[in-house]
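Step one of this worksheet: look at the structure below.
In this text, all values refer to a predicted model and were calculated from it rather than measured experimentally.
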Protein chains: 2
Amino acid sequence: MKQDHVDTILAQWQVQRPDLDCSPMGVIGRMDRANHLMKLSLEEVFKQFGLMSSEFDILATLRRAGEPVTPTEMYQTLMFSSGAMSTRVDGLVKRGLVVRQASETDRRSCLVMLTDEGRTLIDAVVTAHVENEHQMLNVLTEKEQATLASLLRKWLASKE
Amino acid sequence: MKQDHVDTILAQWQVQRPDLDCSPMGVIGRMDRANHLMKLSLEEVFKQFGLMSSEFDILATLRRAGEPVTPTEMYQTLMFSSGAMSTRVDGLVKRGLVVRQASETDRRSCLVMLTDEGRTLIDAVVTAHVENEHQMLNVLTEKEQATLASLLRKWLASKE
DNA sequence: TATTGTTATACTCTATAACTATA
DNA sequence: TATAGTTATAGAGTATAACAATA
């Protein structure tokens, strides 16, 4: 079994704090480290298309919803503030990737909609993104990937 | 099998982009989401002790090393800039948790060392931290936790 | 010349809250 | 009164690079 960086950390704690059972770090520490490395890789792809992660998230949310979405709906799902959402949407509007459409039933509200250009872009980005994710995981077998997904699903389902 | 939020996202992509095999999102999307939730929980504990994550990381690095460490060694391991390290160490010095000790062999260099107060604090924080991590994972069986750690180790070992 | 570590500057992203318009 | 969304302000955290001292 090949050692990784977290094994070293666990060994150090075993020496310095033998009273503690640090085994959860084997899961949580690795999760953090893996997540960090994965994010770096994902961001490289986004950058190739001139997007940052939050912009990708907005465009992808719109694309997979298949219909316009309100800013409020999006900032709640994507877990950032209303102000941050306005700023991001502004940026995407300026670049012609989305438009704001006035709501017909509530004049306070609007719908954010992909333009043709925005849809073309996000389709290309998602294709590259998924391809990148496939490559990222190909050191694990199909079965291992499924096991990993399933364990994470179990954990998440208990928290959400 | 209980559904989670990522299952919903995968189903949406299946409708909108049936040409794509989005299964990697089942792993990577969940990892990101789980990591995010875990971080929030970890930060709550750190906050109870008046620390932020980066400060915890520095103190924990010093504690488990069991001996003083140079700033350069730490910022390379912890992956942040030299400037950020100086700022953080300054803050910890002001609070009496660490001291800078001049190197005896290289007068450009220094060693960052825990004070008695710093050591007492980090020992208490780590105890609470590990306890928190145990609770966080207790929805998974011991065996499931071990499987998860092992899959993540395999992935990480291939990237590091 | 290269390296250690600090300092000073500027920048990115965000939250917060005040605000407008509407419900 | 409450809500949708925008705007304006301020703040946290960081990277960057210039810098001083030493190797």
Side-chain angles (χ1 to χ4, degrees), chain A residues 32 36 39-40 42-44 46-47 49-59 61-62 65 67-95 97-114, chain B residues 32 36 39-40 42-44 46-47 49-59 61-62 65 67-95 97-114:
Chain A
D32 189 46
H36 180 76
K39 269 190 178 163
L40 290 180
L42 299 187
E43 277 163 10
E44 264 178 46
F46 300 154
K47 206 179 300 175
F49 291 88
L51 296 175
M52 51 191 202
S53 297
S54 58
E55 292 171 328
F56 171 82
D57 287 340
I58 292 172
L59 296 177
T61 298
L62 294 171
E67 55 185 19
V69 182
T70 65
T72 300
E73 218 171 318
M74 284 202 285
Y75 76 66
Q76 286 170 351
T77 309
L78 298 175
M79 299 191 284
F80 44 89
S81 68
S82 58
M85 178 57 69
S86 284
T87 308
R88 285 296 126 240
V89 171
D90 277 352
L92 296 172
V93 168
K94 264 184 203 137
R95 287 152 72 187
L97 301 173
V98 304
V99 289
R100 288 187 175 93
Q101 199 180 33
S103 161
E104 293 177 0
T105 56
D106 183 341
R107 299 212 312 208
R108 294 171 305 183
S109 185
C110 70
L111 289 165
V112 181
M113 189 174 62
L114 286 170
Chain B
D32 189 46
H36 180 75
K39 270 190 176 163
L40 290 180
L42 299 186
E43 277 163 10
E44 264 178 46
F46 300 154
K47 206 180 299 174
F49 292 88
L51 296 175
M52 51 192 203
S53 297
S54 59
E55 292 171 328
F56 171 82
D57 287 341
I58 292 172
L59 296 177
T61 298
L62 293 171
E67 56 184 18
V69 182
T70 65
T72 300
E73 217 171 318
M74 284 203 285
Y75 76 67
Q76 286 169 351
T77 309
L78 297 175
M79 298 192 283
F80 45 87
S81 67
S82 59
M85 178 58 70
S86 285
T87 308
R88 288 292 124 241
V89 171
D90 277 351
L92 296 172
V93 167
K94 265 183 203 140
R95 288 153 71 188
L97 301 174
V98 305
V99 290
R100 288 187 174 93
Q101 200 180 33
S103 162
E104 293 176 359
T105 55
D106 183 340
R107 299 213 311 207
R108 292 171 306 180
S109 186
C110 69
L111 289 166
V112 180
M113 188 173 63
L114 285 170

Quick one: does A:D90's side chain get under 4.5 Å of A:R100's, heavy atoms only? yes

Answer yes or no: is there a side-chain heavy-atom contact under 4.5 Å between A:S82 and A:P71? no

Would you say A:S109 places a side-chain N or O within less than 4.0 Å of OP1 or OP2 belonging to D:dA4? no

Ranking C:dC13, D:dA2, C:dT16 by distance to the side chain of A:S81, first place goes to C:dT16

Distance check: side-chain N/O of A:R108 vs OP1/OP2 of D:dT6, anything under 4.0 Å? no

Nearest-angstrom distance from the residue atom CZ of A:R107 to C1' of D:dT6: 17 Å

Determine yes or no for a side-chain-to-main-chain donor-acceptor pair under 3.5 angstrom, with A:E43 supplying the side chain and A:L40 the backbone. no

Side-chain atoms of A:A84 come closest, of D:dA15, C:dA15, D:dA4, to C:dA15

Side chain of A:S54 only, heavy atoms from C-beta on: which candidate in D:dT7, C:dT14, D:dT14 is closest? C:dT14

Selected nucleotide, minimal atom distance to B:S82 side chain, candidates C:dA15, D:dA17, D:dA15: D:dA17

Between B:R100 (CZ) and C:dT4 (P), how many Å, whole number? 16 Å

Would you kindly give the CE-to-P distance between A:M85 and C:dA17, to the nearest whole Å? 20 Å

A:E55 CD to C:dC13 C1', straight-line distance once rounded to whole Å: 11 Å

Just call it for B:T70: base, sugar-phosphate, or nothing, with non-hydrogen atoms closer than 4.0 Å on any strand. sugar-phosphate

Among C:dT22, D:dT22, C:dT6, find the nucleotide with the atom closest to the side chain of B:P71. C:dT6

Counting C-beta onward and ignoring hydrogens, is there a side-chain heavy-atom pair between B:T77 and B:T61 closer than 4.5 Å? no

Nearest-Å distance for atom pair CZ/P, residues A:R88 and D:dT6: 13 Å

Starting at atom CZ of A:F80, determine the distance to atom C1' of C:dC13, rounded to an integer number of angstrom. 11 Å

Point-to-point distance, once rounded to the nearest 0.5 Å, from CD of B:E73 to CG of B:L111: 8.5 Å

A:L78 CG to C:dT14 P: how many Å, rounded? 11 Å

